[in-house]
Amino acid sequence: MAAVVDGTMMAGPPPSVGLDKSRSGRTTEVVVIGAGPAGCLAAIAAANAGAQVTLLERADFPREKVCGCCIAPRGLSVLADMALSHVLDGAPRLGEVRLESERASVRIDRDSGVALSRGAFDTRLVGAAADRGVDILHGTLATVGADGVVRVHRAGTELTLHPAACVVADGLSGRSLDAHPGVSWRVSRTSRIGLGAILPPGSIRIGRGEVLMRVERGGYVGAVELEDGRIDVAAAIDHEVLRRETPCAAMMNRLGSAVRDVAAVESARWTGTPWLTRQRSTLAMPGILVAGDAAGYVEPFTGEGMSWALASGCAAGQLAARMIHEPSCWLQWPAHWEGLLRRDRWRCRLVAHLLRSPRTVHAGLTVARRWPTIAARLARTIGQPHHPDSPRFRAIT
Ligand SMILES: Cc1cc2nc3c(=O)[nH]c(=O)nc-3n(C[C@H](O)[C@H](O)[C@H](O)COP(=O)(O)OP(=O)(O)OC[C@H]3O[C@@H](n4cnc5c(N)ncnc54)[C@H](O)[C@@H]3O)c2cc1C
């Protein structure tokens, strides 16, 4: 099925790339909304399957976002399977986790993958999508209506697209499905809020290749050194805390003695997120698949969100390409998404819940100090690739 485009010109200059026809002259068959890890992998997977793909992104890249920037082994294995490991060039390998609470601290040997700034990671993924023939439009706000039509707003121009398949990967704060009836968010009432910033090199006491996690009352904060020596800091904080404390004070209080340069923390531009733990009421509709954070998210303690986004984006892209010839196969998406992520999300939710109790945290750290091998073994089970024979890993056929 070919895409139909009926563009209505509004004020302002026309888009630099026509949406009706790609640079190759073919019509757009798959539209992907959002160029984060989920959207980029969806676009690449659909292009690999032979579809003509257009990727629409609201922001101009490179852009940073609130994220711990640790890409777990499962994410690395998805990238390797897609021949995309080169996007990680120069990213420091993470081999140790330093867990701290108010009263205790423990170091655990754990392969946590690599650290890469989102500015670099997402821009490199977009570059890889372009290399595979995907048309990319930045500075483009997209919405999907009840009629399944994609509306594209760019540089004062509004256009409509009727692709055979649309993958919505617009993240936690994405609103492209707002006009779609029956699609809503279920947000957990005990959910926390994300906060983050990138600090200058040396401003936090942390070694290269080390992940620092500090669990305090009212939230936890993680820090890691990035590819260029800057320090990424990201936290999940109770919204009650943020009523009493400024974002900067909340971070300072939770980073505690890890702060080496107070002025750097005070002058950082702290950015927030909406409430974190949430689930979409619907993951698929005729012509539409929802992937990545846009489908649902759990608090980030185990640092797996990007891996889930890469895995679900990749699977959604494969299915979107199939929808060009088999429109009804969108029906498979909710069950496939569950199979890919349910167990990991459940475990992550359990960990986040246990961390709410300072007593449990203290007991956990004490046990980890006494039996470091057991702690390391347990920690290693998080964020690992799925075994290729696992039914959860199977490609959609
Ligand atoms: C505090 C915190 C720490 C975290 N730490 C980690 C970690 O260490 N490791 C990890 O793996 N994960 C971590 N995560 C989770 C990770 O950031 C997300 O899971 C991941 O970014 C999801 O990718 P995505 O592609 O689904 O969405 P996003 O990365 O959010 O991308 C969505 C894209 O869609 C675009 N967009 C939105 N609306 C529109 C629209 N209408 N039209 C066009 N474009 C649109 C946005 O500009 C954005 O570029 C953390 C999250 C938080 C909040």
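Both counts, for ligands and for their atoms, begin at 1 and track the order of listing. If you read the sequence from its start, that first residue is 1, and numbering goes on from there.
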Q: Within less than 4.0 angstrom of ligand 1, does Arg118 place any heavy atom?
A: yes
Q: Looking at Ala234, which atoms of ligand 1 are within less than 4.0 Å of one of its heavy atoms?
A: 1 (C), 3 (C)
Q: With respect to atom 36 (N) of ligand 1, which of Thr143, Leu141, Asp170 exhibits the smallest heavy-atom separation?
A: Asp170
Q: List every atom of ligand 1 that sits less than 4.0 Å from any heavy atom of Gly171, numbering the atoms from 1 in the order shown and giving each element.
A: 27 (O), 30 (O), 32 (C)
Q: Would you say Val215 ends up clustered with Val221 if hydrophobic residues are merged whenever their side chains have heavy atoms under 4.5 Å apart, either directly or through other cluster members?
A: no
Q: For the hydrophobic clusters of this structure (ILVMFWY residues joined by side-chain heavy atoms under 4.5 Å, transitively), does one cluster hold both Tyr297 and Val187?
A: no
Q: Do the side chain of Arg278 and the main chain of Ala295 share a donor and acceptor less than 3.5 angstrom apart?
A: no
Q: Can you tell which part of Ala236 has a heavy atom less than 4.0 Å from ligand 1: side chain, backbone, both or neither?
A: neither
Q: Can you list the ligand 1 atoms lying under 4.0 Å from a non-hydrogen atom of Gly292?
A: 26 (O)
Q: Test of understanding: given a 4.0 Å heavy-atom threshold, classify the contact between Cys67 and ligand 1 as side chain, backbone, both, or neither.
A: both
Q: So, does Glu158 use its side chain to make a donor-acceptor pair with the main chain of His153 at under 3.5 Å?
A: no
Q: Against ligand 1, does Ala72 come closer than 4.0 Å with any heavy atom?
A: no
Q: Please confirm whether Tyr297 approaches ligand 1 to less than 4.0 Å, judged on its heavy atoms.
A: yes
Q: For the hydrophobic clusters of this structure (ILVMFWY residues joined by side-chain heavy atoms under 4.5 Å, transitively), does one cluster hold both Leu116 and Val211?
A: no
Q: Tell me which one of Gly39, Ala291, Ala38 gets a heavy atom nearest to atom 25 (O) of ligand 1.
A: Ala38
Q: Using heavy-atom distances, let me know which of Ser307, Ala42, Ala35, Gly68 sits nearest atom 4 (C) of ligand 1.
A: Gly68
Q: Under 4.0 Å between a side-chain nitrogen and a carboxylate oxygen: does that hold for Glu96 and Arg107?
A: yes
Q: Do the side chains of Asp122 and Arg63 get close enough for a salt bridge, i.e. N-O under 4.0 angstrom?
A: yes
Q: Out of Lys65, Glu57, Arg192, whose heavy atom sits nearest atom 28 (P) of ligand 1?
A: Lys65
Q: If you measure from the Lys or Arg side-chain nitrogens to the Asp or Glu carboxylate oxygens, is any gap between Asp232 and Arg118 under 4.0 Å?
A: no
Q: Taking 4.0 angstrom as the limit, do Arg230 and Glu225 come out as a salt bridge?
A: no
Q: Going by distance only, is there an N or O of Ile71 that falls short of 3.5 Å from an N or O of ligand 1?
A: no
Q: Does NZ or CZ of Arg192 come closer than 6.0 Å to the centre of the six-membered ring of Trp275, within 45° of the ring's axis?
A: no
Q: Is there a polar contact, in the sense of an N or O pair closer than 3.5 Å, between Thr273 and ligand 1?
A: no
Q: Would Ile33 count as a contact residue for ligand 1, given that I'm defining contact as a non-hydrogen atom of the residue lying under 4.0 Å from a ligand atom?
A: yes
Q: Is it the case that one hydrophobic cluster holds both Val351 and Ile237, taking links as side-chain heavy atoms less than 4.5 Å apart, direct or via other members?
A: no
Q: What do you reckon, does Gly196 put a non-hydrogen atom under 4.0 Å from ligand 1?
A: no
Q: Going by distance only, is there an N or O of Asp293 that falls short of 3.5 Å from an N or O of ligand 1?
A: yes
